[in-house]
Protein chains: 2
Amino acid sequence: MTISKPDQAEAAPRPTRRRGEALLHAIYEASILETAALGLSGLTMEGIARRAGTAKTSLYRRWSTPEDILIEAMHRNFPQEEPSPAATDLRSDLIAALMLLRETSASPMGQALFAVVAEAGRYPHLHKRIWRDVFDARGGRFTKTVLHHYARAGRLDPARITPVVEDIGEALFIKFVVDNGLPPDRAHIEAIVEQAILPALGQG
Amino acid sequence: MTISKPDQAEAAPRPTRRRGEALLHAIYEASILETAALGLSGLTMEGIARRAGTAKTSLYRRWSTPEDILIEAMHRNFPQEEPSPAATDLRSDLIAALMLLRETSASPMGQALFAVVAEAGRYPHLHKRIWRDVFDARGGRFTKTVLHHYARAGRLDPARITPVVEDIGEALFIKFVVDNGLPPDRAHIEAIVEQAILPALGQG
DNA sequence: AAGATAAGATACGTTATGGTTTCTAATGTG
DNA sequence: CACATTAGAAACCATAACGTATCTTATCTT
């Protein structure tokens, strides 16, 4: 759950001189790892360059701030996998959706996202950009997808799927991460589904 | 919802030379305002001294890191008001508890707390200290207090008050803040109580 | 009133980062 | 193969915070 610094003086194994896509990829990855490790406020051109094994010059040639790099990086790498509610019962599909969120949040991308959202209050313009360019553009839905799927199939009363109810799973997930510093295990996720989401849907 | 920098060159109205409690108070307040404005990673001795209108010397005389100041400040200023479930119905008492949380979270103290908790993942030792010295020592409970009160009074099945259920209100509250950058209004709080907490208690 | 205490101003050398500029040589193209 | 790109290295200056040391003087104590 923790991403360490690049450490040693030579962070770059110097594969050879990269260009185009290969270089971009390394830079994007570095920006995400840096954010996961140091947070939004710790994100600097120097840090990204160091971790990517490139020179600041190559960064400033394309972007003017570290945030610009991060936004592009997150836009490209955002996990698209939506939960596919194929199974037969609501309970398992909700659990599967939250387990998917669990995987996502454990990745460097997930940690970077968490850091950004957590600090975004102090960077209002970033908050907007993240929501517009990353969350809304790509997925960002987990239990929501499942709930609407079941509602469309007529197996759930659409009236009960309010904005609050849509958020219960993710909200309890996030609170757990904040409190404990790591994502909940399967048992806790099952408890969330059984003790909070299903009752709110009238499926106690 | 945003705390601005001390701005002008002269942040200190120079009331006169303060000592003891008066000085301490100013320093504690400054540390909380700095954290609310700049986050944990932006907290520096220089910043606190500047905002408190004092000299770094006076800070180093007592503490060795800005975090030490902040911990003490939060310990002292943590809002103790527990919700007092005097009323007759569970619904209004839960709403009152979350409205109290709303007030708390809007204060500089609340914002600082949010910033710290959000970034604490990257400062594991701080995370521990905050939880031990601030949260556990003082309150940190809102709907939890209400739920246990009703359980003791025999008006709620204790078996339903699981760790997950205890967290529902605060979790949805926090998620709202993260998503929108400001705390929920009364209508949304009512929705949280009616659509999420009460159903989980079997009081739909 | 005299002396002890400590607030506050100032300055200093160090370190880290920011952002820019200049130069080199590797890589891809025609 | 020759040339145009551009990645990467290095040096630069400015800023900001660190931690410490020195000195003055307001304020409290006795």
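Numbers restart at 1 for each chain; the letters A, B, ... are given by sequence-line order, proteins then strands.
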[X] side chain near [N] phosphate (N/O to OP1/OP2, under 4.0 Å):
X: B:Arg19; N: D:dC28; value: no
X: B:Arg17; N: D:dC28; value: no
X: A:Thr54; N: D:dG8; value: yes

Whole Å only: how far is the [atom1] atom of [X] from the [atom2] atom of [N]?
X: B:Ile48; N: D:dC18; atom1: CD1; atom2: C1'; value: 13 Å
X: A:Leu23; N: D:dA7; atom1: CG; atom2: P; value: 6 Å
X: A:Glu34; N: C:dA16; atom1: CD; atom2: P; value: 16 Å
X: A:Leu59; N: D:dA10; atom1: CG; atom2: C1'; value: 16 Å
X: A:Glu46; N: D:dA16; atom1: CD; atom2: P; value: 16 Å
X: B:Leu43; N: D:dC18; atom1: CG; atom2: C1'; value: 14 Å
X: A:His25; N: D:dA7; atom1: NE2; atom2: P; value: 17 Å
X: A:Arg50; N: C:dG19; atom1: CZ; atom2: P; value: 14 Å

Taking NE2 in B:His188 as the centre, count heavy atoms belonging to other residues, nucleotides or ligands within less than 6.0 Å. Is the count above 12? yes
Assert: residue with more 5' nearest nucleotide on DNA chain D, out of A:Arg62 and A:Lys56, is A:Arg62
Assess whether one donor atom and one acceptor atom, taken from the side chain of B:Arg61 and the base of C:dA7, lie less than 3.5 Å apart. yes
Less than 3.5 Å between a donor and an acceptor, one on the side chain of B:Ser58 and one on the base of C:dA6, is that the case here? no
Mark yes or no for whether [X], through its side chain, and [Y], through its backbone, hold a donor-acceptor pair below 3.5 Å.
X: B:Glu34; Y: B:Arg51; result: no
X: B:His127; Y: A:Val178; result: yes
X: B:Arg91; Y: B:Glu194; result: no

In the structure I gave you, are the side-chain heavy atoms of B:Glu119 and B:Leu43 within less than 4.5 Å of one another anywhere? no
Out of D:dG19, D:dT6, C:dG18, which nucleotide sits closest to the side chain of B:Tyr60? D:dG19
Contact nearer the 5' end of DNA chain C, comparing A:Thr57 with A:Gly42: A:Gly42
Please compare B:Gly20 and A:Ser64 by the position of their nearest nucleotide in DNA chain C and report the one closer to 5'. B:Gly20
So what does B:Thr44 touch, heavy atoms closer than 4.0 Å: a base, only the sugar-phosphate, or nothing? sugar-phosphate
